[in-house]
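Nothing here was measured: the structure is a model prediction, and the numbers come from that model.
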Amino acid sequence: MSIEFSEQEQIRRQSLEELYKLGINPYPAELFEINATATEILEDFPSNTHMFQDVKIAGRIMSRRIMGAASFIELQDITGRIQLYFKRDDICPGEDKTMYNTVFKHLLDIGDIIGVSGFVFITQMGETTIHVREFKLLSKSLRPLPIVKEKDAVVYDAFTDPEQRYRQRYVDLIVNPEVRKTFVKRAAILNSMRQFLNGKGYLEVETPVLQPLYGGAAARPFKTHHNALNSTLYLRIANELYLKRLIVGGYDGVFEFAKDFRNEGMDRFHNPEFTQMELYVAYKDYEWMMNLVEEMVENVALSTNKNTKITVGENTIDFKRPWKRFTMYEAIEHYTGIDISKMDEKQLTETAKKLGVNVDDCMGKGKLIDEIFGETCEPKLIQPTFITDYPVEMSPLAKKHRTKEGLVERFEAIVNGKELCNAFSELNDPIDQRNRFEAQLELGKRGDEESMVLDEDFLRALEFGMPPTAGLGIGIDRLAMIMTNSHSIQDVLFFPQMKPEIKSLASSVDDFVAKGIPAEYAQLVMKSGFTTLESLKTATPSKLFNDICGLRKKMKLDIKAPSIDDVTTWVANAGK
RNA sequence: GACAAUGUAGCUCAGCUGGUAGAGCAUCGCCCUUUUAAGGCGGGGGUCCUGGGUUCGAAUCCCAGCAUUGUCACCA
């Protein structure tokens with residue numbers, strides 16, 4: 001048995017061998033048909049004890065209580081946990097007690113997946129339990145699970161370390177049932193929105209993730225390369241410009257649940273890849289879109305939580321329509337008492353400084369207003385609130401306001417102090433759009449890494465004529481965070497981005513072998529503390545020899561002890 | 001990117017002003033036929049994140065690095 005395994009892993013691998021010797025396949029190929037689930041039984045049996053007298057159920061062993069010839073285990077399936085009762089003489093009616101004494105008691109472990117058949121009864125302790133007649137190993141688990149216990153709703157030894165939870169989400173999902181629920185809810189959010197939009201007759205579409213030009217948002221992209229085309233491609237930061245091309249093409253409503261990628265900082269609200277739902281509807285404007293967002297999100301709350309009121313951290317957020325509406329200037333005036341609507345750039349800079357907002361010289365008027373808003377208003381907007389009418393400088397894809405100079409027809413919904421969605425009356429004037437792109441190019445030349453690039457094909461599409469269109473982008477991860485009361489985006493993504501794990505040990509065994517040390521001894525050398533050739537050079541051969549022999553004995557390895565001369569040679573060769 | 005905290009057994013964590021590591025659960029052996037965060041007795045298990053330094057001696061003190069978490073900055 002190799003030494004790279006912990007004691008518990010070694011024991012499980014030995015169990016695996018013994019199972020094979022007994023003629024039991026620990027990974028059988030054939031299906032195991034079930035006819036009940038844990039929750040069904042727990043809910044229905046007590047009121048009708050004639051049911052479930054021939055149940056088949058499958059799941060993972062989560063705990064064991066063995067008392068000689070009788071045992072209880074807890075089995076976990078997708079619906080929950082149910083207790084199983086194993087009695088030796090029922091499992092093994094004949095003389096041969098191997099299936100109970102050896103297989104069940106010694107070769108099965110917590111974490112193994114089994115299928116059982118039996119009948120349901122209630123123990124003296126009052127717990128609904130399956131009395132097992134037969135069991136079958138469906139998959140042997142070779143790693144020990146974290147053991148989480150619970151009594152009276154108090155959880156003991158909870159598996160909470162975020163790093164392990166995110167890196168080994170499968171373990172998190174096994175031992176933390178509420179995590180599974182979070183992702184079920186996330187799926188319900190998507191379903192609810194999809195149903196809502198399909199119900200309105202809009203078309204769900206798919207557009208390229210790999211794009212020769214990135215556009216539709218202000219963000220830095222991931223860059224990649226296509227070999228056959230020998231050209232640079234970018235992972236999309238948004239799909240806006242593609243969906244609008246489809247509106248030009250004649251669809252009157254298109255939407256896409258889109259994975260977008262932004263090469264920027266990470267924190268509890270930002271993951272490099274995230275999901276947005278973008279929707280474009282022809283012949284509509286942003287006023288109309290506000291009503292749709294309200295209706296859709298209220299709908300999501302109702303279908304995922306059966307209530308428009310959602311508890312998020314310390315707040316209770318009510319998604320019941322209608323939501324509060326402020327123009328950006330009104331919001332700033334409301335929270336600071338200052339009317340900035342008539343101010344020029346200089347006055348805005350002074351106001352920003354007075355309000356303690358960070359400013360720098362390259363900020364234009366739009367950026368200043370946005371900063372003031374972000375600093376003084378956004379965190380205070382807990383209940384769903386629409387903020388409308390943004391400065392034109394910040395919104396190169398939005399249509400100029402029908403009456404207000406210098407503004408665009410744009411809104412964001414702010415919930416719990418954070419942006420939830422962003423929408424506008426889409427700019428469909430190709431001449432204006434070209435000018436706005438060119439203004440962005442200027443920003444780019446001045447060093448703004450997030451400025452948009454000019455998309456000539458998109459302009460060509462607009463030149464054919466796009467109907468007046470309302471567009472929306474709504475952050476699915478943020479919505480999921482709110483609906484599931486999650487503190488961090490990592491809690492609503494199965495596999496949040498992490499730095500790669502570093503594993504040095506396994507990769508360097510070969511280096512030792514290359515220097516003439518047999519593989520089985522190379523592991524012992526490393527276990528003795530010499531994990532690199534560099535360090536082995538400095539080893540004292542007699543000490544290393546002793547350590548290796550000691551380890552060999554300790555690990556009960558079935559290999560011959562090396563000679564002191566062998567070890568001396570290894571140390572000498574390590575330096576060559 | 002800045003600051004702070006954390007990194008010890010499979011898991012959750014102790015480990016004081018430096019003296020080469022402990023607990024509970026898990027695991028292994030024995031006992032136990034309705035138990036329940038089962039119980040009793042006994043055993044094993046550790047590169048104290050990594051690399052340097054100080055010291056007679058480092059899990060502990062210092063420096064550097066890595067990873068995670070939190071706050072801020074950047075960013076939707």
Under 4.0 Å, heavy atoms only, any strand: does A:Phe269 hit a base, just the sugar-phosphate, or nothing?
nothing
Could you please name the option among B:C30, B:U12, B:U34 that lies closest to any side-chain atom of A:His106?
B:C30
Which value, in whole Å, describes the distance between the P atoms of nucleotides B:A2 and B:C61?
24 Å
Taking the same atom, C1', in B:G39 and in B:C56, what whole-Å distance lies between them?
48 Å
By nearest atom, which of the nucleotides B:C74, B:U68, B:C75 is closest to the A:Asp267 side chain?
B:C74
Are A:Arg64 and B:U27 close enough that a side-chain N or O sits under 4.0 Å from OP1 or OP2?
yes
Without decimals, in angstroms, what is the distance between A:Asp172 CG and B:C11 P?
14 Å
For B:C75, which nucleotide in any strand shown is its Watson-Crick or wobble partner with both distances under 3.5 Å?
none
Taking atom P in both B:G19 and B:C25, what distance in whole Å separates the two?
28 Å
Separation of A:Lys87 atom NZ from B:U33 atom P, in whole Å?
11 Å
Phosphate oxygens OP1/OP2 of B:U69: is one of them under 4.0 Å from a side-chain N or O of A:Gln490?
yes
Closest approach to the side chain of A:Phe159, judged atom by atom: which nucleotide of B:C11, B:C75, B:U36 is it?
B:C11
Across all strands, who's sitting opposite B:C3 as a Watson-Crick or G-U wobble pair, both distances under 3.5 Å?
B:G70
Can you label the angle between the A:Phe86 ring and the A:Phe104 ring as parallel, tilted or perpendicular, going by 30° and 60°?
parallel
Students often get this wrong, so: under 4.0 angstrom with heavy atoms, is A:Ile66 touching a base, only sugar-phosphate, or nothing?
base
With the threshold set at 4.0 Å, does a side-chain nitrogen-carboxylate oxygen contact exist between A:Glu17 and A:Arg13?
no
In Watson-Crick or G-U wobble terms, with both distances under 3.5 Å, the base opposite B:U60 is none
Report which part of the nucleic acid A:Ala158 touches: base, sugar-phosphate, or nothing (heavy-atom distance under 4.0 Å, all strands).
sugar-phosphate
Among B:G43, B:A26, B:U35, the nucleotide that comes nearest once only the side chain of A:Glu7 is considered
B:G43
Pairwise C1' distance, B:C30 and B:G44 [rounded to whole Å]
15 Å
Quote, to the nearest angstrom, the P distance that separates B:U17 from B:U12.
25 Å
Mark yes when over 12 heavy atoms from residues, nucleotides or ligands other than A:Arg143 sit less than 6.0 Å from its CZ; otherwise mark no.
no
Closest listed nucleotide, where the reference is the side chain of A:Gln124 and the choices are B:U34, B:A26, B:U71:
B:U34
Using modelled atom types and a 3.5 Å cut-off, is there a donor and acceptor pairing between side-chain atoms of A:Asp109 and backbone atoms of A:Ser141?
no
Straight-line distance of A:Ile73 CD1 to A:Arg81 CZ, nearest 0.5 Å:
11.5 Å
Given the C1' atoms of B:C48 and B:U6, what is the spacing between them in whole Å?
14 Å
Would you check if the side chain of A:Arg236 reaches a backbone N or O of A:Thr207 as a donor-acceptor pair within less than 3.5 Å?
yes
Closest to the A:His270 side chain: B:U34, B:C32, B:C75?
B:C75
Applying a 3.5 Å limit to both distances, which nucleotide forms a Watson-Crick or G-U wobble pair with B:U33?
none
Hey, what's the ring geometry for A:Tyr390 with A:Phe373, parallel, tilted or perpendicular (30° and 60° as the breaks)?
perpendicular
Given atom CG of A:Leu108 and atom C1' of B:C28, what is their separation to the nearest angstrom?
16 Å
Give A:Glu127 one of three labels, base, sugar-phosphate or nothing, depending on what nucleic acid heavy atoms sit under 4.0 Å from its own.
base
Hunt down the Watson-Crick or G-U wobble partner of B:U27, both distances under 3.5 Å, from any strand shown, or write none.
B:G43
What distance, rounded to whole Å, do you find between the two C1' atoms, one in B:G45 and one in B:C11?
14 Å
Please tell me which of the listed nucleotides, B:A26, B:U34, B:U71, lies nearest to the side chain of A:Phe72?
B:U34
With heavy atoms under 4.0 Å as the rule, sort A:Arg262 into base, sugar-phosphate or nothing.
sugar-phosphate
OP1 or OP2 of B:U68 less than 4.0 angstrom from a side-chain nitrogen or oxygen of A:Arg167, does that happen here?
yes
Output the single nucleotide from B:C25, B:U34, B:U71 whose closest atom is nearest the side chain of A:His487.
B:U71
If only side-chain N and O atoms of A:Gln10 are considered, is one of them under 4.0 Å from the OP1 or OP2 phosphate oxygen of B:G45?
no
Whole-Å P distance, B:C62 and B:U55
16 Å
Does A:Glu134 CD have over 12 foreign heavy atoms under 6.0 Å away?
no
Is A:Gln164 close enough to B:C11 that one of its side-chain N or O atoms is under 4.0 Å from OP1 or OP2 there?
yes
